[in-house]
Undergrad: 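Structure incoming, see below.
Here, residue 1 is the first one in the sequence, and each next residue gets the next number. In listed order, ligands and their atoms are each counted from 1. Keep in mind it's a predicted model, so treat the numbers as computed, not measured.
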Amino acid sequence: MMPPAKRKSPAKISSRGPADVPARLPEGFQLMTGALSPADQKALLSKINDVILSAPLFQPRMPRTGQPFSVKMTNCGPLGWVSDKERGYRYQPTHLETGQPWPPIPEPLLDLWRTHTNCAGLPEACLINHYPAGAKMGSHRDQDEHEPRAPVLSVSLGDEAVFHVGGPKRSDAKVRVTLRSGDVCLLAGPSRFAYHGIDRILPGTSDLIPGGGRINLTLRRVTPFD
Ligand code: MD6
Ligand code: FE
């Protein structure tokens with residue numbers, strides 16, 4: 001006879017009502033909800049934790065003012081995005097603090113890129129953003145890359161976040177969507193250079209990351225394909 005199933009405390013899975021995803025999203029913004037199963041999320045998180053062990057999270061700072069970001073960052077891939085007071089936003093092949101090359105992009109992330117984009121080449125940078133409760137990301141455009149044909153692919157892990165995305169002008173109308181653990185989204189085509197950001201994290205909405213918080217991974221092609 002089968003042993004009785006062990007009772008586990010209920011997983012924190014909130015249902016996604018139709019109202020969560022607005023009927024009209026900006027053209028080129030693609031949201032693949034639940035793209036990663038809970039098992040895939042766990043496996044990916046473990047690989048990201050390995051990356052963080054060799055390339056520790058650092059506190060980026062705004063150019064000129066030196067104001068710290070509320071998120072911590074690190075990278076994997078041949079190039080990593082960094083920012084400091086002295087030299088501002090840029091991609092570079094080595095960690096800002098250790099001076100070591102960034103670790104390689106884990107294979108499951110490259111698989112997501114192959115599945116969800118039809119790009120001629122692979123991403124060169126994966127920016128890892130860690131949001132504690134209370135962190136946010138001001139509205140910005142991803143425009144330090146030199147291959148406008150490549151989208152930016154984003155993966156959300158851990159606590160839910162309220163994401164906004166508008167158009168190429170800061171004043172363009174914005175829509176808001178809740179990004180949940182396992183969601184993948186793309187800023188592609190007409191939305192590639194759209195303003196977007198994170199308004200807030202919803203603490204306690206996921207059990208994936210011990211101690212809570214959110215990790216966002218963005219895969220980018222930095223140099224031209226040809
Ligand atoms: C975040 N995401 O989800 C912030 N950038 O934490 C981004 O800044 C982002 O989701 C480019 C493309 C997709 C994104
Ligand atoms: Fe961005």
Side-chain angles (χ1 to χ4, degrees), residues 20-22 25-33 35-36 41 44-45 48 52 57 59-60 62 69-75 77 79-83 88-91 105 109 112-113 116-117 119 123-168 170 172 174-203 205-206 208-209 212-222:
D20 289 347
V21 180
L25 293 171
E27 197 187 343
F29 172 69
Q30 296 169 53
L31 175 58
M32 281 73 71
T33 60
L36 291 178
Q41 294 168 43
L44 179 55
L45 178 64
I48 297 305
I52 293 172
L57 291 164
Q59 188 102 61
M62 298 289 286
F69 286 50
S70 63
V71 298
K72 285 188 172 180
M73 294 181 175
T74 188
N75 291 270
L79 291 170
W81 190 89
V82 300
S83 179
Y89 303 156
R90 64 196 185 273
Y91 283 96
I105 299 177
L109 286 174
L112 283 175
W113 179 271
H116 296 287
T117 78
C119 274
E124 296 167 303
C126 173
L127 174 62
I128 300 169
N129 286 326
H130 177 267
Y131 295 75
K136 57 194 170 153
M137 173 79 68
S139 212
H140 67 278
R141 306 197 303 159
D142 287 28
Q143 53 181 358
D144 300 322
E145 301 79 26
H146 302 285
E147 180 43 270
R149 292 169 293 182
V152 180
L153 183 152
S154 140
V155 184
S156 292
L157 295 174
D159 282 338
E160 297 174 8
V162 181
F163 178 80
H164 69 257
V165 54
R170 196 179 275 280
D172 288 331
K174 293 177 172 61
V175 298
R176 286 187 161 72
V177 297
T178 301
L179 295 180
R180 296 196 165 95
S181 196
D183 288 354
V184 168
C185 68
L186 283 177
L187 286 186
S191 279
R192 172 63 183 79
F193 297 103
Y195 275 90
H196 61 278
I198 294 290
D199 298 339
R200 62 200 171 93
I201 303 302
L202 306 177
T205 46
S206 167
L208 183 71
I209 300 177
R214 172 174 185 263
I215 290 177
N216 177 254
L217 312 168
T218 43
L219 296 175
R220 299 104 183 282
R221 177 74 190 195
V222 181

Undergrad: Answer with yes or no whether the side chains of H164 and H196 bring together a donor and an acceptor at under 3.5 Å.
TA: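 H164 and H196 do not have a side-chain donor-acceptor pair below 3.5 Å.
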Undergrad: T218 and D142: side-chain donor and acceptor closer than 3.5 Å?
TA: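 Per modelled atom types, T218 and D142 side chains form no pair under 3.5 Å.
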Undergrad: Taking only heavy atoms of I198 into account, list the atoms of ligand 1 that are under 4.0 Å away from them.
TA: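 Answer, ordered by atom number: 1 (C), 3 (O), 4 (C), 6 (O).
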Undergrad: Within the 3.5 Å criterion, strictly below it, is a donor on T178 or E160 matched to an acceptor on the partner's side chain?
TA: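 Note: T178 and E160 side chains miss the donor-acceptor criterion.
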Undergrad: Side chain, backbone, both or neither: which part of H140 has a heavy atom under 4.0 Å from ligand 1?
TA: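 Side chain only; the backbone of H140 stays clear of ligand 1.
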Undergrad: What protein heavy atom sits nearest atom 13 (C) of ligand 1, and how far off is it?
TA: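 Here the closest protein heavy atom is S154 CB, 3.6 Å.
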Undergrad: In ligand 1, which numbered atoms sit nearer than 4.0 Å to a non-hydrogen atom of V152?
TA: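 Going through ligand 1 atom by atom, the ones under 4.0 Å from V152 are 11 (C), 12 (C).
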Undergrad: Can you list everything that forms a side-chain contact (heavy atoms from CB on, under 4.5 Å) with Y195? Sequence neighbours excluded, please.
TA: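 Checked Y195 against side-chain contact (heavy atoms from CB on, under 4.5 Å); matches are S139, R141, R170.
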Undergrad: Any side-chain donor paired with an acceptor under 3.5 Å for W81 and D144?
TA: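 A donor-acceptor contact under 3.5 Å links the two side chains.
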Undergrad: Under 4.0 Å from any heavy atom of F163, which atoms of ligand 1 are there?
TA: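 Under 4.0 Å from F163, ligand 1 has these atoms: 10 (O).
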Undergrad: Counting distance only, does the side-chain N/O of S191 pair as donor-acceptor with the main-chain N or O of A188 below 3.5 Å?
TA: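 No, S191 side chain to A188 backbone: no donor-acceptor pair under 3.5 Å.
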Undergrad: Please say whether more than 12 non-hydrogen atoms of neighbouring residues, nucleotides or ligands are located less than 6.0 Å from NZ in K136.
TA: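 12 or below, so no.
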Undergrad: Could you tell me which residues satisfy ring-ring contact (aromatic ring centres under 6.0 Å, His included) with F193, sequence neighbours excluded, listed by chain and number?
TA: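 Checked F193 against ring-ring contact (aromatic ring centres under 6.0 Å, His included); zero matches.
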Undergrad: Distance below 2.8 Å from the Fe ion (ligand 2): how many protein N/O/S atoms qualify?
TA: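 Count of protein N, O, S atoms less than 2.8 Å from the Fe ion (ligand 2): 3.
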Undergrad: Compare every heavy atom of I209 with every heavy atom of G158, then report the nearest pair and how far apart it is.
TA: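 The pair with the smallest heavy-atom distance is CA-CD1, 3.9 Å.
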Undergrad: Do ligand 1 and R220 have nitrogen or oxygen atoms that lie under 3.5 Å from each other?
TA: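 Such a contact does not occur with ligand 1.
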Undergrad: Near Y131, which atoms of ligand 1 are under 4.0 Å from a heavy atom of that residue?
TA: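 By the 4.0 Å cutoff, the relevant atoms are 1 (C), 4 (C), 6 (O).
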Undergrad: Backbone or side chain, does any N or O of R214 fall under 3.5 Å from an N or O of ligand 1?
TA: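 Yes, at least one N or O pair falls under 3.5 Å.
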Undergrad: side-chain contact (heavy atoms from CB on, under 4.5 Å) with P190: which residues, sequence neighbours excluded?
TA: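 Here the qualifying residues are E27.
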Undergrad: Looking only at the side chains, is there a donor atom on one of E124 and Y91 sitting less than 3.5 Å from an acceptor on the other?
TA: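 On atom types as modelled, these side chains do not qualify, holding no pair under 3.5 Å.
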Undergrad: Work out whether the distance between some heavy atom of N129 and some atom of ligand 1 is less than 4.0 Å.
TA: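 Not so, N129 does not reach ligand 1.
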Undergrad: Specify the protein heavy atom at minimum distance from atom 2 (N) of ligand 1: its residue, its atom name, and the distance to 0.1 Å.
TA: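 That would be N216 OD1, 3.6 Å.
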Undergrad: Mark the output for H196 as yes if a heavy-atom distance to ligand 1 is under 4.0 Å, and as no if none is.
TA: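 Flag set, H196 near ligand 1.
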Undergrad: Check ligand 1 against D142 and write out every atom of the ligand that is under 4.0 Å from a heavy-atom position of the residue.
TA: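 With D142 as reference, the close atoms of ligand 1 come out as 5 (N), 11 (C).
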Undergrad: Answer yes or no: is there an ion pair linking R192 with E147, defined by an N-O contact shorter than 4.0 Å?
TA: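 No salt bridge links R192 with E147.
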